[in-house]
Amino acid sequence: MGFLTRLLIPRSVRRAVHPTRAVKRALTPTSVKRARRALHPLDNAAYGVARSLNTKKPQRKPSYRHGTCTMRHRSPEAAAKCRRA
């Protein structure tokens with residue numbers, strides 16, 4: 001393959017040597033691929049509901065503060081050792 005051919009033809013197209021779906025995939029713009037992969041709005045909503053039901057929310061861990069210290073300490077011992085205040 002010549003030097004100019006390498007410059008003019010994208011690598012993905014050059015690799016798709018056989019006239020099969022690889023050529024179509026290489027020539028299709030990314031935006032069109034994304035649009036095709038997008039789910040139907042109803043499917044999307046059902047997926048969102050299932051995901052929200054099955055996903056655990058992160059638990060808020062207790063934090064310890066003392067005086068005017070702006071730090072949130074993980075334990076009362078850490079708050080006691082803190083030199084800020």
Side-chain angles (χ1 to χ4, degrees):
M1 193 162 286
F3 177 74
L4 289 176
T5 311
R6 275 199 189 124
L7 291 176
L8 298 174
I9 301 172
R11 185 169 189 267
S12 59
V13 175
R14 283 188 281 119
R15 292 196 63 196
V17 178
H18 304 290
T20 58
R21 75 177 100 141
V23 175
K24 286 183 187 174
R25 186 182 304 139
L27 293 173
T28 307
T30 308
S31 58
V32 174
K33 289 179 192 173
R34 282 191 193 128
R36 282 189 187 149
R37 281 189 220 123
L39 293 170
H40 187 273
L42 291 176
D43 294 338
N44 235 346
Y47 172 76
V49 169
R51 177 86 190 248
S52 64
L53 292 175
N54 294 323
T55 305
K56 292 182 181 176
K57 305 248 186 303
Q59 296 296 318
R60 188 102 193 251
K61 295 184 174 64
S63 62
Y64 301 90
R65 291 178 181 243
H66 59 94
T68 57
C69 183
T70 56
M71 295 289 297
R72 288 188 303 198
H73 302 285
R74 292 184 183 181
S75 66
E77 293 83 22
K81 287 182 199 172
C82 180
R83 290 187 292 170
R84 291 178 156 200

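Numbers here are sequence positions counted from 1. Since the model is a prediction, treat every value here as computed from it, not as a measurement.
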Donor-acceptor list for residues 74-81 side chains, cut-off 3.5 Å, not counting sequence neighbours:
from  : atom 1 : to    : atom 2 : distance (Å)
Ser75 : OG     : Glu77 : OE1    : 3.4
Ser75 : OG     : Ala78 : N      : 3.1

- Rounded to the nearest 0.5 angstrom, the CE-SG distance for Met71 and Cys82 is 7.0 Å
- Closest contact, heavy atoms only, Arg65 versus Thr70: NH1-O, 3.8 Å
- Message: Test question: given the 4.5 Å side-chain rule for I, L, V, M, F, W and Y, name all other residues clustered with Leu53, or answer none.
- Response: Val49
- Spatial distance of atom NZ (Lys61) from atom CZ (Arg72) [nearest 0.5 Å]: 11.5 Å
- Item | Listed partners of Arg51 passing side chain to side chain contact (heavy atoms under 4.5 Å, CB included), at least two apart | Tyr47, Thr55
